[in-house]
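Beneath this line is the structure, given in structure tokens, with notes to follow.
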Amino acid sequence: MLEFLGKKYKLFSSENFDDFMKALGVGLMTRKMGSSLSPVVELTENNGVYTLKTTSAFKNSEIKFKLNQEFDEETIDGRQVKSVCTLEGNKLIQKQKGEKETTIEREFTPTEMKAIMKVDDIVCTRVYKVQE
Ligand code: ACD
């Protein structure tokens, strides 16, 4: 069992999230709200089905997927995309194909999770610390 499954990671620092959202066409009010939040991310697995939950005071999101299998996803900002997730060691790599292609790489350690999110030429880095 992967040691980071079932751990809750809370946002600690964030760089370029506003530019990332802007490139996706997210409006000003939602961007302001999105930037002010400290979401909690949790990845779990049951019989090969992974669940990635993101919770915050404003919006919650939950996606379920099998590794390497394309699935339909509605993103937090309401885009309809085709996503595929792969796991490379402790790194969950999510590729979303839609009007824009985005990649979210989440690297888990026992104490923190680092998400690198890319769209166009924008790179957004968010670091989350494990909640005890
Ligand atoms: C996180 C949030 C990851 C968000 C990644 C992609 C979403 C794209 C744009 C965000 C749009 C609106 C922002 C609103 C809320 C942000 C937090 C919501 C959490 C469910 O993993 O940190």
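For clarity, every value in this text was computed on a predicted model and none was experimentally measured. Note that ligands are numbered from 1 as they come in the structure, with each ligand's atoms numbered from 1 the same way.
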So, using side-chain hydrogen bond (donor to acceptor under 3.5 Å, both in side chains) as the criterion, who are the partners of [X] when residues are at least two apart?
X	value
Thr51	Lys64
Gln94	Glu73, Arg106
Arg126	Ser14, Tyr128

Indicate the atoms forming the closest heavy-atom contact of Pro39 with Thr54, along with that distance.
->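 Here Pro39 and Thr54 meet closest at CB-CG2, 3.8 Å.
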NZ/NE/NH1/NH2 to OD/OE distance under 4.0 Å, Glu42 and Lys53 |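 No salt bridge links Glu42 with Lys53.
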Which protein N or O atoms sit under 3.5 Å from any N or O of ligand 1? Give atom names and distances.
from, atom 1, to, atom 2, distance (Å)
ligand 1, 21 (O), Tyr128, OH, 3.1
ligand 1, 22 (O), Arg126, NE, 3.2
ligand 1, 22 (O), Arg126, NH2, 2.8
ligand 1, 22 (O), Tyr128, OH, 2.5

Between Tyr9 and Phe108, is the gap from one ring center to the other below 6.0 Å?
->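 When the ring centroids of Tyr9 and Phe108 are compared, they turn out to be within the sub-6.0 Å range.
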